[in-house]
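Since the structure comes first, as structure tokens, the remarks are kept for the end.
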Amino acid sequence: MAKPEAWDVAIAGAGIIGCACAAAAAEAGLRTLLIEAGVPGGGTTAAGMGHIVAMDDSPAQFALTRYSQQLWQQLAPELPRQVEYERCGTLWLAGDEDEWRLAAAKREAYRAQGVPAEMLDARALAAAEPHLRPGLAGAMLAPEDGVLYPPAAAKFFLDRARARGARLLAGECQRIEARGLRLRDGTQVAAGEVIIATGTRAAELAPGAAIAPRKGHLLITDRYPGRLHHQLVELGYLRSAHALSEDSVAFNLQPRLSGQILIGSSRQFGAATAEVEPAMLARMLQRAIEFMPGLAAMSCVRAWTGFRPATPDKLPLIGPVEDPPHVWLAAGHEGLGITTATGTAALLLAQLTGQAAAIPYTPYLPSRKTEAVLEHA
Amino acid sequence: MARAAITVIGAGPAGLAAAVCAAECGRRVVLVDENPLPGGQIWRAKKNLPAIETEPWRRRAQAAGVEWRTGCQAAQATPERLWLESAGEAETLAWEQLILATGARELLLPFPGWTLPNCCGAGGLQALVKAGLAIAGQRVVVAGSGPLTLAVAAYLQQQGARVLLVAEQAAPMQAAAAALLLFSSPARVRQAWRMRDALRGVEIQAGCWVEAAEGAERLQRVRLRRGRRRWSLECDYLACGFGLRPNSELGQLLGCALNAEAGLQVDRWQQTSVARIWCAGDASGVAGVEAALLAGQIAGYAAAGRQDLAAAFIARRDRQQRASRRLLRRLALRQELRRLAADDTWFCRCEDVPIGEAQAYASWREAKLQTRCGMGACQGRICGAAGRFLWGWEAAGVRPPIVPVRVGTLALTETGEAQ
């Protein structure tokens, strides 16, 4: 295996974040080793929806998601068919007049950042998505949002990294050592820099990384081509994403290229097991049926869960750990890791190689003061 | 929301027997089955006519007050409740004791042309005929392995089909030994004699298998192989199954351990590794109808707390199971079957994944993630089992719903409320 100092960079974790970092590192000419205990892209990456979304929960989140979304758009021509990248747009649904005003404010915030967005009134919304329940006030359309199939996207980055000389090693990282890593089977990996991209388990290698697993449920239907055209999210979604203690559900629907429909979402802290919880699933599906009554009669084939790596301020950790030197974090992306994989890899590599970054990276530094942002919605 | 004392899933021989015995002990019993009439696969009803074998059990069940939920599928379960769907209606059902008699399904293996119209499983074609498919005068090749293919060939012949050939993949000596084992009990002798009558004049070849199915729009001929000999046979239908595999999903969802045959592990009373959950019949390991009836009676009495009554069936059940296992061992699948498919043969017919694409991956999990094989409407029941045989892929865990159901069914809370 690896001779001492054989690798410039060793990356722990081959989820979409680790794979994107590996591709960026290999492209920068660095000798790159990616280490994964399970199936590449088989953890949180595989459980996620694959919504490429600009999210304006905070200015820093907006900056990173928008930047990342633009990087995806640049990549689009190179993405293989299996990635199923499609710019279907997001409709942020306003249930009533209050939410309609929220949607209008959201549109202004998007426009202020130069992000395209437009308002659909009740009639335009009904025309765009005729299966939504009548009586919704309207929606804000973010036309540059899209969807993709995350495991295939992770594999795209992995293949790209390997094509540029990176290697994938099967093994579980046990601890960081001086200038390298030690695997659970005793193998020592010598590397100039170590990037920790193990998501919910990052704290095992980077003590102090404030990342907690946040469980989510998803369900996928049989094929119903033409039934759904946009990613649909209720404006109340941010409320759900915000709640830091309580379990919550929010309406979130995604059209797949296959004609299948993905139904989300739920958020739970402190869930002990990965099992589908019928009560939480039922609550999530009831919410979905409220918005789209026709879903109730559609056939579903599978429900599953995943764990989002959540940080207290809902921003990822991208940059050097405080100690030891030469160890970097790329983790804690909560529900936005698929979107921000591109931006994360770019920002981390900029720091690691001392290059200029396209957007400021200080908001995501692991050394920032992370205080819980309390619910304000 | 309804309450139940003992809930039996599956109204094949094992489930019928279990329900009857538990109810005759004075327990409240609900019997849930996906078909409109009882009998399961082996005693499948013909259109609206229940199979004659079910009659005594139906009468006893009626007399003992068994409540039927027909045309009803269990989609999800917790240690307290089942989520059921029938004709688009959903409900949750509380259970105290659960007897899983979910039977088995056919192992289908991919070979070129296996997804052509008119290519079916062996039991699959039989079910189609019982549902009304006109088979009289049609030329049928029955192939694959196991006692089921012979039974299906006999049935099709009785229905007026022209069974051109029964091809058993096991080598002639093995198949002959297996045939002798068919006579190991009086019931089996009677069964074998009936079959022999029906199959008079039908060509039966051992050590013979289908290498490919061919046809433009639908099946027109099969390419056969026996030893070094290869030939083609014009036909209208191919009924090809490679034996049975236990339906263990519901038990797995509830945390029941599996045994070496990928069935639910049970003790001498048919109890699974999980308290209050019992399993009888092929779901605990394929052993055929006689063993299923005996195991069902044991499970029914034991679940009702009457081990004293159950004990009388144990020795006979064990004998039947041993005989079945001996027979099935003789029919082990040959290596050549692993190499039939071409790169462009469909592996997963739900998601259109060819063999060449799937076999590039190291595990079922990885292949699923990257190619979506096993993620379609059959939930990997077909390609998952094929992948295990072809490449030794370990099955992934079971997730709800265990059969596709309406979204609204899973939207029910535990107490059965829609909102």
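Every chain is numbered from 1 and lettered A, B, ... according to where its sequence line falls, protein lines coming before strand lines.
Side-chain contact check for B/Q73 and B/E34: at least one donor-acceptor pair (N or O, by modelled atom type) lies under 3.5 Å. If you check the side chains of A/E277 and A/H217, you find no donor sitting under 3.5 Å from an acceptor. In the model, B/Q41 has a side-chain atom that pairs as donor or acceptor with a side-chain atom of B/R44 under 3.5 Å.
Neither the backbone nor the side chain of A/E275 comes within contact range of chain B, judged by heavy atoms closer than 4.5 Å. With a 4.5 angstrom heavy-atom cutoff, A/S258 touches chain B only via side-chain atoms. For B/T371, no part sits under 4.5 Å from any heavy atom of chain A, backbone or side chain. With a threshold of 4.5 angstrom between heavy atoms, A/I220 does not approach chain B through any atom at all.
When all heavy atoms of A/A197 and A/I17 are compared, the pair lying nearest together is CB-CG2, 4.2 Å. Summarising the geometry of A/T344 relative to A/H333, their closest heavy-atom pair is OG1-NE2, 2.8 Å, with the distance given to 0.1 Å.
Within a 6.0 Å radius of CZ in A/R201, no more than 12 heavy atoms belonging to other residues, nucleotides or ligands are found. For B/E89, the CD atom counts as loosely surrounded, since its 6.0 Å shell holds 12 or fewer non-hydrogen atoms of other residues, nucleotides or ligands.
Within the 4.5 Å cutoff, no side-chain heavy atoms of B/Q97 are placed close to those of B/I99. Between A/F291 and A/L136 the shortest side-chain heavy-atom distance falls below 4.5 Å.
Within residues 293-307 of chain A, the residues approaching chain B closer than 4.5 Å by heavy atoms are, in numerical order, A/L295, A/A296, A/A297, A/M298, A/S299, A/C300, A/V301, A/R302, A/A303, A/W304. Interface with chain B: from residues 150-157 of chain A, residues A/P151, A/A152, A/K155 qualify, criterion being any non-hydrogen pair under 4.5 Å.
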N/O donor-acceptor pairs under 3.5 Å from side chains in residues 394-406 of chain B, not counting sequence neighbours:
| residue | atom | partner | partner atom | Å |
| --- | --- | --- | --- | --- |
| B/R406 | NH1 | B/G88 | O | 2.9 |

Cut-off 3.5 Å, no hydrogens considered: what does the side-chain donor-acceptor table look like for residues 349-358 of chain B, sequence neighbours left out?
| residue | atom | partner | partner atom | Å |
| --- | --- | --- | --- | --- |
| B/E351 | OE1 | A/R223 | NH2 | 3.0 |
| B/E351 | OE2 | A/R223 | NH2 | 3.3 |

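Looking only at heavy-atom pairs under 4.5 Å with chain A, the residue among B/R372, B/K368, B/Q76 that has the most is B/R372. Interface remark: of the candidates B/R365, B/Q379, B/M375, B/M375 forms the most heavy-atom pairs closer than 4.5 Å to chain A.
Note that CZ of A/R214 is 13.5 Å distant from OG1 of A/T44, once rounded to the nearest 0.5 Å.
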